[in-house]
Structure formats: C-alpha cells, structure tokens
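A short write-up of the structure that comes next.
Start at 1 and go down the list; that is how both ligands and their atoms are numbered.
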Amino acid sequence: MTDFIPFALPDIGDAEIEAVVSTLRSGWLTTGPNAAALEREFVEAMHPSAHVGAAQVQAVAVNSATAGLHLALEALGVGPGDEVLVPTWTFTATAEVVRYLGATPVLVDVHPDTLNIDLARAAEAVTPRTKAIMPVHFAGLPVPRGALADFAAAHGLRVIEDAAHSHPVDSEGMPVGLGTSDAVVFSFYATKTMTSGEGGMVVSADPQLIARMRTMRLHGISRDVFNRYTSTAPSWHYEVVAPGFKYNLTDVAASMARVQLTRSVAMRERRSAIADHYDSALAGLPLRLPSRPAPGTQHAWHLYALRLTDDAPMGRDDFIQRMSDAGVGCSVHFIPLHHHPYWRDLRGADAPALPVADAQFARAVSIPIFSSMTDAQVERVGQTVRAVLEGRS
Ligand SMILES: *Cc1c(COP(=O)(O)O)cnc(C)c1O
C-alpha cells in the first residue's frame with residue numbers, strides 16, 4: 001500500500017525550529033519577551049488601524065484556547081446561576097469552561113448549511129438568566145458577526161467568539177478578532193491553523209477585561225513575572241489580588257507561534273487551494289460539500305467537513321473505515337455535545353431536541369486538509385473519496 005495520509009499534521013519549517021532553539025539558548029524559557037512580542041504582532045497582523053474603533057484592541061497570550069475561553073468568561077463575571085448559549089456542534093472545551101465557573105451552558109442547535117450556531121434557535125433558548133453567547137466559527141467559516149451583534153444587543157448578552165478554527169480570516173470585511181464582541185479566542189493547538197504545540201490568544205478591545213485576564217492568567221498576581229524582573233520596582237515584590245490560574249504561554253511556544261504567524265496567510269491560501277481542488281474533484285458524488293463564504297468573508301479551512309447524502313451507498317462509519325483501508329485518515333467534527341454522557345445527563349431528559357445536529361452527525365466526515373499536504377496527496381484523497389463512493393475501493 002502507498003503511504004498512509006494522516007488526517008492532520010502540523011506545518012513546521014526550519015524557521016520555527018531555529019526560533020525555538022534560539023529561545024532555549026537565550027536563558028528565558030517562560031513568559032517573557034517572545035510572548036510579549038507575539039501579543040503585539042498578533043494584533044498588528046489584524047491591521048486594527050484600518051478599522052474604525054479597533055485601536056483599543058489588545059491580545060493576551062495563554063497556554064490554550066480553553067484557558068482563554070475560561071479567562072474571558074471569568075473576566076465578564078459569569079458565575080453560578082448564569083446561562084451561556086453554546087452550539088452543540090463543537091468541542092467540549094467550549095462548554096466545559098462554563099461549568100468551571102459554576103454556570104450552565106445551554107446547548108443550541110446549528111444551521112444545516114454551515115453547522116454554525118443557529119441564531120433563531122438561540123433566540124428560543126434565551127431566558128432571564130442568559131448572560132452570554134459563545135458562537136464557534138465551525139471549520140473556519142465565520143458566523144455572520146453583524147447578525148451576531150444584533151442578536152446580542154437585542155437580548156442584552158455578552159459575546160465571546162470561539163475562534164479556535166478561524167485564524168486568519170476576514171468576516172464581513174473585518175478580521176475575526178476585531179469587531180464588537182467582548183472577546184475572541186484563538187487556539188494554537190498542534191492541529192489548528194497556526195500552532196505553538198499548545199497555546200492560544202484572547203483578543204479584546206475592553207481594557208478592563210484585558211487587565212483582569214492578564215492578572216488571572218498568572219495566579220492573580222497584579223504584575224506579571226517578566227515585568228517584575230525588568231521594571232525598576234524591587235524585583236522580589238508582588239501582590240496577589242485574586243486566586244488566579246496558571247495559564248501563561250511559555251516563550252518557547254511563543255517563539256514558534258511568532259514564526260507561524262508570519263506564515264499564517266500563506267498557510268491559509270494553501271488550505272484554500274486544497275479546498276478548491278476538493279470542490280471540483282468531488283463534484284457529482286453523493287456528498288454535501290462545505291458551504292462557501294459570502295463575499296467579504298473568508299474561510300480558514302481548518303476543516304473540510306463533508307456530509308454523506310441519502311443516496312450514498314454506505315453509512316458514515318463504513319465510509320471512514322474504507323478510506324482508512326485505502327490509506328486516508330478521516331475524522332468526525334463533531335460528536336454533538338448532547339451525545340456525550342456528561343452533557344446529556346446535565347441537560348436532563350426533558351431538554352429540547354437538537355434535530356439538525358442529530359441528523360447531520362450521522363452523515364458528517366472530515367477529510368485531510370493541512371498546508372503541508374503535497375499536490376499528490378491532495379489528488380489521492382480526492383480520488384480515494386470517489387473510488388470509495390463509486391464502490392471501487
Ligand atoms: C481546539 C478547540 C478548542 C480548544 O483549543 P485548545 O487550544 O486545545 O484549548 C476550543 N474550541 C474548539 C471549537 C476547538 O476546536
């Protein structure tokens with residue numbers, strides 16, 4: 001058999017390796033000059049000066065998107081008794097952070113075209129206890145943020161965007177990360193669109209939110225460790241103002257992320273070319289191909305998520321097995337949260353049905369899309385999907 005094509009691989013070049021080695025040699029491994037530079041460069045890459053009202057935007061580097069989502073909710077004061085709207089079509093991290101704070105995630109069904117949170121269904125789930133909404137830009141296709149902002153204003157809700165799939169993209173002419181949401185959270189996990197192995201970034205234009213997240217990121221200490229050792233105040237002195245967390249990003253990881261950031265547009269363009277190839281290679285098969293963005297909006301193509309249609313000659317599980325037998329790794333995004341025992345039990349037996357997610361889950365399959373794929377690999381994936389669905393593999 002030819003070599004197995006994995007579902008995902010990071011795209012790490014010599015520049016990332018050299019950056020990490022040089023950090024290791026520098027003597028400063030934990031949060032320091034590289035993390036601070038990454039925060040500045042991450043904001044600069046969104047060109048905030050080109051967008052009205054975006055001048056205030058700041059970034060807080062963290063050791064995962066999960067940490068960032070938790071910090072943002074904490075800084076917004078979400079706590080026991082509060083409800084937060086979360087799509088059921090996501091990774092458990094989006095909802096678990098709500099539980100960390102003793103609040104309740106209310107799972108909302110998704111739109112069948114995009115698999116993004118359906119704001120009409122979200123409106124039905126609002127109660128007097130609803131405090132915030134956490135949309136996920138599934139696969140890298142942004143939720144229309146104009147409609148999202150209108151929804152939040154109409155119901156008096158805070159907005160935290162889970163942008164773990166969606167760096168770097170424009171949505172309605174403005175980068176995801178800028179806009180009116182309270183906070184936007186990106187992931188640098190190993191398989192995401194840019195990586196530092198583990199890591200993440202929270203972006204916000206609210207200076208109070210930024211200050212609280214900076215403090216809570218590192219033990220609730222009012223000045224971070226780098227400033228402690230470089231400012232003119234006595235280096236041994238610090239003040240604890242809250243029981244904070246250990247969520248800071250190391251300089252080892254940040255130095256890798258700084259290189260990935262400079263490559264992030266080129267890597268997105270490569271994934272976009274792969275998606276274009278799949279769209280034409282898979283035309284006419286019993287498949288629903290991913291939705292395309294509206295003009296002014298981009299797709300980050302973190303995932304290329306297909307749905308088998310009713311006339312497919314086999315079920316999803318069988319399809320994935322045959323793809324694997326033919327040397328192509330596939331995956332499923334996502335097992336809806338309400339199918340997992342913990343979330344099912346938390347919702348209880350009387351919770352509203354989530355029929356779109358149920359129906360789409362049975363058909364969902366993601367095929368490989370990562371920027372280091374070769375043209376030959378991309379072609380082989382397309383040919384293998386066709387061969388499996390035409391009963392030739
Ligand atoms: C990967 C992912 C996260 C968590 O990211 P980490 O950086 O691993 O914490 C959160 N939400 C979604 C939708 C994800 O896919």
Side-chain angles (χ1 to χ4, degrees), residues 7-10 35 38 42 59-74 84-100 105 107-108 110-111 114-117 132-143 148 159-169 171 176-177 181 183-203 213 217 245-250 253-254 256-257 260-261 264 271 290 299-305 331-340 343 357 360-361 364 366 369-370:
F7 174 68
L9 269 186
L38 176 66
F42 197 85
V60 178
V62 285
N63 58 15
S64 71
T66 307
L69 293 166
H70 183 200
L71 286 179
L73 285 174
E74 196 277 342
V84 178
L85 304 174
V86 173
T88 192
W89 197 274
T90 187
F91 183 57
T92 194
T94 321
E96 79 189 31
V97 294
V98 178
R99 295 299 293 151
Y100 291 0
L107 303 183
V108 176
V110 290
H111 195 281
T114 60
L115 303 173
N116 279 334
I117 193 165
I133 180 168
M134 296 170 79
V136 176
H137 306 303
F138 174 69
L141 181 67
V143 173
L148 178 64
V159 182
I160 298 170
E161 296 174 43
D162 180 340
H165 297 185
S166 52
H167 183 269
V169 286
S171 168
V176 169
S181 296
V184 183
V185 183
F186 299 91
S187 174
F188 305 151
Y189 180 69
T191 59
K192 296 284 161 69
T193 57
M194 63 171 272
T195 185
S196 57
E198 299 279 0
M201 192 67 82
V202 191
V203 171
M213 293 191 294
R217 166 177 68 174
F245 311 108
K246 187 69 202 286
Y247 282 168
N248 55 303
L249 186 70
T250 70
M256 179 171 163
Q260 289 265 293
L261 182 64
S264 61
R271 292 190 305 274
H299 200 311
W301 295 113
H302 165 53
L303 300 172
Y304 191 89
S331 193
V332 174
H333 298 89
F334 285 101
I335 303 169
L337 292 185
H338 68 284
H339 290 206
H340 293 287
W343 298 115
Q360 298 308 316
F361 170 58
S366 307
I369 185 165
F370 49 93

Pair F334 and H165, ring centroids less than 6.0 Å apart: yes
N/O donor-acceptor pair under 3.5 Å between W89 side chain and V108 backbone: no
Atom pairs, nitrogen or oxygen, ligand 1 to protein, under 3.5 angstrom:
unit_1	atom_1	unit_2	atom_2	d
ligand 1	5 (O)	S187	OG	3.3
ligand 1	7 (O)	A65	N	2.8
ligand 1	7 (O)	S187	OG	2.7
ligand 1	9 (O)	A65	N	3.3
ligand 1	9 (O)	T66	N	2.9
ligand 1	9 (O)	T66	OG1	2.5
ligand 1	11 (N)	D162	OD1	3.4
ligand 1	11 (N)	D162	OD2	2.7
ligand 1	15 (O)	H165	NE2	2.7
ligand 1	15 (O)	K192	NZ	3.1

Partner set under side-chain hydrogen bond (donor to acceptor under 3.5 Å, both in side chains) for Q260, not counting sequence neighbours: E16
Side-chain donor-acceptor pair present, W343, T88, cut-off under 3.5 Å: no
Pairing residues for E74 by the salt bridge (Lys or Arg N to Asp or Glu O under 4.0 Å) criterion, not counting sequence neighbours: R212
Residues which pass side-chain hydrogen bond (donor to acceptor under 3.5 Å, both in side chains) with Y189, listed by chain and number, not counting sequence neighbours: none
